[in-house]
Amino acid sequence: MFTKILIANRGEIACRVAATARRMGIRTVAVYSEADAGAKHVAVCDEAVLIGPAAAKESYLRAEKLIEVALATGAQAIHPGYGFLSENAEFAKACADKGLVFIGPPASAIDAMGSKSAAKALMEKANVPLVPGYHGDQQDTAFLNAQADAIGYPVLLKASAGGGGKGMRVVEKSADFADALASCKREAINSFGDDKVLVEKYLQRPRHIEIQVFADTHGNCVYLFERDCSVQRRHQKVIEEAPAPGMTAERRQAMGEAAVAAAGAVGYVGAGTVEFIANQDGSFYFMEMNTRLQVEHPVTEMITGTDLVEWQLRVAAGEKLPAQQTDLQINGHAIEARIYAENPEKGFLPSIGKLRYLRTPQSVEFSLGHGTEPAAFRIDSGVREGDTISPFYDPMIAKMIVWGKDRTEALARMRQALAQYRIVGLHTNIAFLSRLMHSDPFSHADLDTGLIERHHDSLFPAVVPPSASVLALAVAGLLLSEQQAGSDPWQSSHGWRMNLPLIRELRFSEEEQQIALSLQYSAGSYQLQIAGVSHTMQIRQSAGNQIQLSLDELTLSGEVIWDGEKVHVFAAGQHTELHYHDPLAHAGDAEAEGGRLTAPMPGKIVAVMTEKGRAVKKGEALLIMEAMKMEHTISAPHDGEIAEILYAVGDQVSEGAQLLAFAQSN
Ligand code: ADP
Ligand code: ADP
Ligand code: MG
């Protein structure tokens with residue numbers, strides 16, 4: 001076995017790999033970019049080496065530098081994690097050339113599966129079922145259009161070299177084909193440097209079901225059952241679970257054997273995932289193979305009682321697989337939720353910022369219950385309180401994984417864990433995940449890849465005004481923080497106290513809603529007027545941010561966190577963010593805005609769709625920025641005329657930078 005490995009990644013997966021290495025007595029070398037000098041993965045490894053500036057291209061994607069660091073630190077092997085260089089055949093080969101073990105499949109297998117088109121051609125030969133479509137070399141528009149006509153609409157165009165849900169276009173009818181192809185090719189060349197596409201039948205209400213496979217260098221290959229990853233946004237996974245609800249033993253075996261055949265066809269070694277797209281009737285087709293450890297591998301670990309990183313290390317060191325097919329069994333049910341820094345209400349736009357306050361549910365960080373029952377909760381995370389989600393990398397904050405003896409128990413635990421997960425400082429998808437976990441379709445396992453879109457209305461309910469309970473907690477939090485700061489007007493011994501009215505008017509707002517309250521202190525309790533109704537409030541107890549109070553006959557408890565002028569109330573499983581309008585602050589602030597349009601986050605301009613002097617309509621797309629691996633369209637906030645465009649394609653812009661000047665039409 002190795003005595004030292006280099007982990008060529010960052011974030012949660014780097015921490016995850018380090019945890020297993022530590023358990024196995026293997027030393028770890030972390031690498032980090034300038035943006036990650038204080039990151040958790042640096043802290044949890046035995047050694048750490050700076051490899052370059054923040055941009056991934058200049059740090060985590062520098063193959064030669066990584067190899068140099070591995071050699072200099074005496075590491076015998078490199079674990080690539082996922083993303084970055086994990087599916088880069090040249091990197092795998094370069095490692096081997098320098099006598100380093102690449103912890104992953106041979107370069108030839110990565111190559112064979114790297115192109116979705118070539119992979120489909122290979123699978124055809126191995127008799128693995130394929131989605132009807134065209135995956136050949138001919139790329140001219142008329143030819144592909146004719147193929148699409150023959151397949152029947154809707155069809156899906158996919159970048160052959162694509163990944164991460166990028167480079168895909170659904171085409172509804174023949175007349176739209178040429179435009180969709182052009183835009184798909186543009187994204188493919190920009191993102192993957194290769195504009196080859198394939199055309200597939202776009203399945204209706206499909207499920208994404210994938211099989212975990214594992215092969216060693218002694219000719220053994222097993223499947224560790226399936227994961228259902230149907231709950232997606234933008235063709236990217238949000239929730240994953242294992243086993244797949246409704247799976248029969250026969251189909252599991254058929255899919256498992258098809259996956260093992262796929263791995264066999266390319267001489268696979270190590271951990272891999274064969275992704276299938278399945279119809280509601282259970283028929284399934286090969287989609288692609290991911291030649292690495294997958295983000296969602298923990299659900300498989302939980303139901304099989306395995307440590308897949310340990311398996312990877314053993315296989316890479318030349319050992320035989322730790323288990324044979326007949327040794328493997330499914331125990332219970334596991335669900336993973338990806339906690340992202342993003343704003344679901346705004347089209348899942350990534351959010352950046354500091355994790356100013358972070359409380360996780362009672363959990364065991366990376367724990368696998370060996371032999372006995374698995375841990376009920378597990379959190380894989382690459383960040384701690386005080387860390388920053390930067391614009392340079394993926395906005396995933398953590399993965400939360402729960403295990404239960406069946407789906408019902410696992411789901412109940414997930415709901416409970418989400419209600420206890422608290423983050424202040426940036427937008428997250430936690431409240432959305434919680435609604436998803438309580439939704440009918442997810443509860444009833446009525447799964448398909450369009451679940452989120454189809455249930456949009458119920459998953460994004462109209463905002464209701466904050467309840468009296470939430471407001472009472474916010475007010476109690478305000479009073480306690482004033483007391484702590486020694487500025488409680490009722491407690492203060494300053495002379496001016498006498499002149500203060502005994503009634504305070506407080507103003508809060510939530511989104512666009514203004515909320516006015518009045519508060520009066522008398523004889524040990526408060527009278528709180530909310531929307532014309534008077535309530536009696538008494539603060540019973542407080543410890544840190546935890547507050548217990550009584551509001552009329554109710555006893556309430558919750559956690560209240562003040563963050564500048566924002567107050568966050570966590571109570572009854574809900575997170576409410578209110579803005580407190582401090583009458584003393586901001587006396588003379590003027591509103592910015594007007595004729596400016598600014599960058600919502602740092603990024604790069606990838607397309608400018610308008611020009612100086614052009615009259616534009618509200619909502620018209622003006623330019624496209626790329627940030628956090630996503631394209632963001634900046635559109636006109638109102639009708640008007642473009643007075644100036646301040647950046648060009650290829651330019652980097654910082655957050656808040658003015659992108660263009662706008663002359664409002666009268
Ligand atoms: P990526 O490399 O981006 O992961 P995939 O080929 O794995 O690309 O597809 C990603 C997702 O797109 C799938 O999980 C599924 O939701 C959807 N998808 C892919 N192919 C089809 C298809 N033929 N019909 C319907 N949906 C599809
Ligand atoms: P999966 O099917 O496992 O979700 P993805 O293709 O979406 O596969 O990518 C897996 C993960 O790898 C992403 O969620 C992201 O965290 C990371 N990743 C992918 N591409 C990159 C990249 N270019 N840079 C950094 N991280 C990446
Ligand atoms: Mg995929």
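Both ligands and their constituent atoms are indexed starting at 1 by order of listing. Nothing fancy with the numbering, it's 1 onward along the sequence.
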>> Looking only at the side chains, is there a donor atom on one of E210 and Q294 sitting less than 3.5 Å from an acceptor on the other?
In response: yes
>> Testing the 3.5 Å rule here: is there a donor-acceptor pair between the side chains of T428 and Y421?
In response: no
> With a cut-off of 4.0 Å, which atoms of ligand 1 are near a heavy atom of T449?
Replying inline: 16 (O)
> Which atoms of ligand 1 have any heavy atom of G163 under 4.0 Å away?
Replying inline: 1 (P), 2 (O), 3 (O)
> Is there a heavy atom of Q204 sitting under 4.0 angstrom from any atom of ligand 1?
Replying inline: no
>> Can you name the atoms of ligand 1, numbered from 1 with element, that are less than 4.0 Å from a heavy atom of G165?
In response: 1 (P), 3 (O)
> Just how far is it from atom CG of L66 to atom OH of Y60, taken to the nearest 0.5 Å?
Replying inline: 10.0 Å
> Considering distance alone, does some N or O of I277 sit under 3.5 Å from an N or O of ligand 1?
Replying inline: no
> Taking only heavy atoms of K201, which atoms of ligand 1 are found under 4.0 Å from at least one of them?
Replying inline: 22 (C), 23 (N), 24 (N)
> Within a strict 4.5 Å, meaning less than it, do heavy atoms of the R314 and P322 side chains meet?
Replying inline: yes
> Do you know which N/O/S atom name in E275 is closest to the Mg ion (ligand 3)?
Replying inline: OE1
> Is the closest side-chain donor-acceptor distance between T20 and R16 under 3.5 Å?
Replying inline: yes
> Short N/O distance, under 3.5 Å, between M168 and ligand 1?
Replying inline: no
> Should L156 be counted as touching ligand 1, given the test is an N or O pair under 3.5 Å?
Replying inline: no
> Does the ring of F177 carry R169 above it, NZ/CZ under 6.0 angstrom from centre and within 45° of its axis?
Replying inline: no
> Can a cation-pi geometry be assigned to R233 and Y340, taking NZ or CZ under 6.0 Å from the six-membered ring centre and within 45° of the ring axis?
Replying inline: yes
> Q236 near ligand 1, heavy-atom distance under 4.0 Å?
Replying inline: no
> Numbering the atoms of ligand 1 from 1, which are under 4.0 Å from a heavy atom of K158?
Replying inline: 6 (O), 19 (C), 20 (N)
> Considering Q232, M289, H208, which one's heavy-atom position lies nearest to atom 16 (O) of ligand 1?
Replying inline: Q232
>> Tell me if the CG atom of D137 is crowded by more than 12 foreign heavy atoms within 6.0 Å.
In response: no
> Has ligand 1 got any nitrogen or oxygen that is less than 3.5 angstrom from a nitrogen or oxygen of E275?
Replying inline: yes
>> Restricting to N, O or S, what is the name of the atom of E288 that lies nearest the Mg ion (ligand 3)?
In response: OE2
> Do we get R454 above F442's six-membered ring, with its NZ or CZ under 6.0 Å from the centre and within 45° of the axis?
Replying inline: no
